[in-house]
There are 2 protein chains.
Amino acid sequence: MADEIEWNVLMRTCPSRTSLAEIANKWTAMIVVVLGAGPLRFTQVRTRVDGISAKVLAETLRRLERDGIVTRRSYDEMPPRVEYELTTLGHSLAEPLEALRRWAEGNIVQVLEAREAYDLRPTSGGGRDLA
Amino acid sequence: MADEIEWNVLMRTCPSRTSLAEIANKWTAMIVVVLGAGPLRFTQVRTRVDGISAKVLAETLRRLERDGIVTRRSYDEMPPRVEYELTTLGHSLAEPLEALRRWAEGNIVQVLEAREAYDLRPTSGGGRDLA
DNA sequence: GTAACCTGTTACCTCAACGTAACCAGGTGG
DNA sequence: CCACCTGGTTACGTTGAGGTAACAGGTTAC
């Protein structure tokens with residue numbers, strides 16, 4: 001058993017923490033989620049992920065490609081055509097990220113209500129002691 | 001059916017996107033994960049989440065409290081004691097975040113290998129066209 | 001000729017995130 | 001009297017993420 005290394009995201013120096021920092025990110029989450037439905041071209045991703053800039057999209061896609069999460073397939077046509085697709089590894093990541101997306105959409109009402117209650121409470125800013 | 005609003009994180013202006021941006025975050029993920037095992041005091045969280053500063057921890061915990069994800073329970077003792085605990089909503093968030101943590105730790109070897117392969121390939125930086 | 005198409009790249013700038021260090025209350029132990 | 005405990009807060013400085021805008025490049029349509 002050579003690969004018995006203990007990876008732990010809670011450790012400052014563990015490479016898995018750097019990895020977590022990259023995938024626990026809104027742009028990564030949205031890009032991987034839209035690619036979960038199948039391969040897309042650059043502009044198609046850009047259209048689906050509303051508000052992302054070409055710069056951030058290109059950077060994020062290159063990072064994901066480097067990490068083995070997406071593949072980049074470029075066709076030598078004019079105008080250019082490039083397709084991005086999740087790898088097997090990428091699809092395994094799409095599952096928890098899709099769950100996160102569902103959580104955000106499914107619980108936003110509760111979150112908004114909680115915020116309202118928090119902001120309205122008279123003790124806001126102090127005095128929330130017990131006993 | 002009064003609550004048939006369509007929430008969509010892919011829309012720039014949707015509140016659920018702001019929520020996604022807050023939970024798809026390394027500090028949030030780690031804090032929620034460690035609180036998933038049960039309530040903890042401020043210093044206990046700080047010890048478990050290696051490398052987090054008191055400032056960032058306090059800010060993140062207050063944001064999570066405001067969003068209804070954690071509760072803050074302060075005991076009027078000396079020295080002070082404050083316990084943070086996941087709400088039911090928080091526990092439902094802990095599941096996908098724990099999955100993300102497991103992904104990061106379980107696939108870091110593959111990610112590191114992919115990076116190495118990407119960085120070593122002769123075509124690095126261009127010429128990766130097909131057809 | 002020139003405008004549009006697509007996938008970027010680059011330069012420049014801004015702002016939020018984060019780290020560090022000092023400091024606070026207020027009671028206990030030496 | 002002084003230091004120490006916890007759970008922060010505040011001020012200050014740095015870093016990096018991200019926004020904007022201009023441009024490249026080659027072929028097709030006007």
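In this text, all values refer to a predicted model and were calculated from it rather than measured experimentally. Order of the sequence lines fixes the chain letters, A, B, ..., with proteins taken first and strands second; residue numbering starts at 1 for each chain.
- Comparing dG7(D), dG19(C), dC5(D) by their nearest atom to the side chain of Val82(B) picks out dG7(D).
- You'll find that the side chain of Ser53(A) is closest to dG19(D), out of dG19(D), dG8(D), dT6(D).
- Arg46(B) comes within 4.0 angstrom of nothing in the nucleic acid, heavy atoms only.
- Rounded to an integer number of Å, the gap from CD1 of Ile52(A) to P of dG19(D) is 8 Å.
- Comparing Pro80(A) and Glu59(A) along DNA chain D, the residue whose closest nucleotide (by nearest heavy atom) sits nearer the 5' end is Glu59(A).
- Counting only heavy atoms from C-beta on, Met78(B) has its side chain closest to dG26(C) among dG19(D), dG26(D), dG26(C).
- Atoms CG (Asp50(A)) and C1' (dG19(D)) sit 15 Å apart, rounded to a whole Å.
- One atom, CG of Leu57(B), and another, P of dT6(D), lie 14 Å apart when rounded to the nearest Å.
- Listed nucleotides dC18(C), dG19(D), dT6(D) differ in distance to Trp27(A); the shortest reach to its side chain belongs to dG19(D).
- A donor-acceptor contact under 3.5 Å is not formed by the side chain of Lys55(B) with the base of dG8(D).
- Atom CD of Glu59(B) has more than 12 neighbouring heavy atoms from other residues, nucleotides or ligands inside a 6.0 Å radius.
- A salt bridge is defined here as a Lys NZ or Arg NE, NH1 or NH2 lying under 4.0 Å from an Asp or Glu carboxylate O, and Glu22(A) with Arg115(B) meets this definition.
- Distance alone, capped at 3.5 Å, places no donor-acceptor pair between the Glu105(A) side chain and the Ser16(B) backbone.
- Contact check, Arg62(B) against dT9(D): a side-chain N or O comes under 4.0 Å of OP1 or OP2.
- Atom-to-atom, CZ of Arg12(B) to C1' of dG19(D) comes out at 12 Å; the value is rounded to the nearest Å.
- Applying the 4.0 Å criterion to OP1 and OP2 of dG7(D), one finds that Arg41(B) has a side-chain N or O inside that range.
- Without hydrogens or angle criteria, Asn25(A) side chain to Trp27(A) main chain gives a donor-acceptor distance under 3.5 Å.
- Distances shorter than 4.0 Å separate some side-chain N or O of Thr43(B) from OP1 or OP2 on dG7(D).
- Formation of a donor-acceptor pair under 3.5 Å by the Arg46(A) side chain with backbone atoms of Ile52(A) is found in this model.
- Each of dG7(D), dG8(C), dG19(C) was ranked by its minimum atom distance to the side chain of Arg72(B); first place goes to dG7(D).
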